[in-house]
Amino acid sequence: SHSLPPGLEYLNQLDQIIIHQQVELLEAILGTETSSKYEIKNRLGQRVYFAVEENGCLDRKLCAPVRPFTIRIADNAGREVIRVIRPLRCNSCCFPCFLQELEVQSPPGTIAGYVVQNWDPFLPKFTIQNQSKEDVLKIIGPCATCGCFEDVDFEVKALNEMTTIGKISKYWSGFVNNVFTNTANFGIQVPADLDVRLKAVMIGACFLIDLMFFENSLDGL
């Protein structure tokens, strides 16, 4: 573990990562969009990281799901261990040359990998790349992401898109929660022996999927 990026030893041997969005009181009562905050936990519900989104109020108001952001992820000691950077790019299949890209750094300033949206007329598709921009894995979502009273799964696949090795799931958490807070609860399931840098990239992919498909939705309705 001495060769792992500092702080990522928490991800070593984890095969399930839970991401829970914290609900801000102002946002819950008034519907005012505030900076997103997340707890990142293991399968036992123990918090291993805390994440905070950084961007401007105008970005959240004007750009909404396509807004640029920096998400800083810190361990329980307050040390920043992962940084997720999303530039302002297009979110439409009409612009295949300018689709979403996400850069994940760990430690901050050192590339861990990338999430790249792939053009497809029907399905949400992404490629996970390593620090050398080599394709490693695919993420393929369902045709419809509304999730009618059930979880929505984005499958993690090998590059041939035939073998499924894991998934990123948006958990449906009930009518009251979805309508009045629109909070996000995600689970990431991957092989325990997957490179911890790629696990960090998967966390970044989860944030991107949340904003692209669930930010303004009434999930499960």
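Because the structure is predicted, anything quoted here is derived from the model rather than measured.
Partner of Phe207 under the ring pair (Phe, Tyr, Trp, His ring centres under 6.0 Å) criterion, out of Phe186, Tyr38, Phe69: Tyr38 alone.
Hydrophobic clustering (ILVMFWY, side-chain heavy atoms < 4.5 Å, transitive): Ile128 and Leu14 are in one cluster. A single hydrophobic cluster is not seen to contain both Val115 and Leu123; linkage of ILVMFWY side chains at heavy-atom distances under 4.5 Å, directly or through other members, places them apart. Ile111 and Ile73 fall into different hydrophobic clusters, defined by Ile, Leu, Val, Met, Phe, Trp and Tyr side-chain heavy atoms under 4.5 Å apart, directly or through other members. The hydrophobic cluster containing Phe154 also contains Met212, counting ILVMFWY residues as joined when their side-chain heavy atoms lie under 4.5 angstrom apart, directly or transitively. The hydrophobic cluster containing Ile140 does not contain Leu208, counting ILVMFWY residues as joined when their side-chain heavy atoms lie under 4.5 angstrom apart, directly or transitively.
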- Query: Between Arg72 and Val84, is a side-chain contact (heavy atoms from CB on, under 4.5 Å) present by the stated rule, with each step listed?
  - Reply: CA-CA 7 Å; Arg72 300 181 186 274; Val84 181; over 6 Å; no

- Item | Trace of the side-chain contact (heavy atoms from CB on, under 4.5 Å) decision for Arg47 with Asn76 | CA-CA 8 Å; Arg47 190 178 78 180; Asn76 288 326; 3.2 Å; yes

- Walk me through it: do Phe50 and Lys37 pass the test side-chain contact (heavy atoms from CB on, under 4.5 Å)? CA-CA 8 Å; Phe50 182 79; Lys37 299 178 178 64; 4.1 Å; yes

- Query: Please walk me through it: do Asp15 and Arg43 pass salt bridge (charged side-chain N to carboxylate O under 4.0 Å, His left out)?
  - Reply: CA-CA 8 Å; Asp15 62 356; Arg43 65 164 58 245; 3.0 Å; yes

- For Thr127 and Asn118, run side chain to side chain donor-acceptor pair (under 3.5 Å): C-alpha distance rounded to whole Å, both residues' side-chain angles, the deciding distance at 0.1 Å, then the answer. CA-CA 7 Å; Thr127 297; Asn118 305 133; 2.7 Å; yes

- Take Leu211 and Arg86, measure what side-chain contact (heavy atoms from CB on, under 4.5 Å) needs, and give me the verdict at the end. CA-CA 11 Å; Leu211 263 68; Arg86 180 200 196 189; 3.5 Å; yes

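To the nearest 0.5 Å, atoms CZ (Arg83) and CD (Gln105) are separated by 6.0 Å. Between the CD atom in Glu39 and the CD atom in Gln46 there is a gap of 12.5 Å [rounded to 0.5 Å]. Once rounded to the nearest 0.5 Å, the distance linking CZ of Phe126 with CG of Leu102 reads 9.5 Å. Separating the NZ atom in Lys199 from the CG atom in Leu194 is a distance of 6.0 Å, to the nearest 0.5 Å. Taking CG of Leu4 as the start and OG of Ser106 as the end, the distance is 9.5 Å to the nearest 0.5 Å. Between Gln189 atom CD and Ile17 atom CD1 the span is 10.5 Å, to the nearest 0.5 Å.
A pairwise comparison of heavy atoms in Pro107 and Pro5 identifies CD-CB, 3.9 Å as the closest pair. The two residues Pro6 and Arg79 have their closest heavy-atom pair at CB-NH1, 4.0 Å. Shortest non-hydrogen contact noted between Val104 and Ala200 is CG1-O, 3.8 Å. In this structure, Val156 and Met202 approach most closely via the heavy-atom pair CG1-CE, 3.5 Å. When all heavy atoms of Ile18 and Gln16 are compared, the closest pair comes out as CD1-NE2, 3.7 Å. The minimum heavy-atom distance between Ala51 and Ile40, with the atom names listed, is CB-CD1, 4.4 Å.
Looking at Asn42, its side chain never comes within 3.5 Å of a backbone N or O of Val48 through a donor-acceptor pair. In terms of modelled atom types and a separation under 3.5 Å, the side chain of Tyr171 and the main chain of Glu150 share no donor-acceptor contact. Not a single donor-acceptor pair under 3.5 Å links the side chain of Glu161 to the backbone N or O of Leu159.
Within the 4.5 Å cutoff, no side-chain heavy atoms of Ile71 are placed close to those of Val52. For the pair Ile188/Ile203, a side-chain contact is recorded, criterion being any heavy-atom separation below 4.5 Å from C-beta on. Side chains of Ile168 and Ile209 form a contact here, defined as non-hydrogen atoms less than 4.5 Å apart.
Side chains of Arg197 and Asn130: no donor on one and acceptor on the other come within 3.5 Å.
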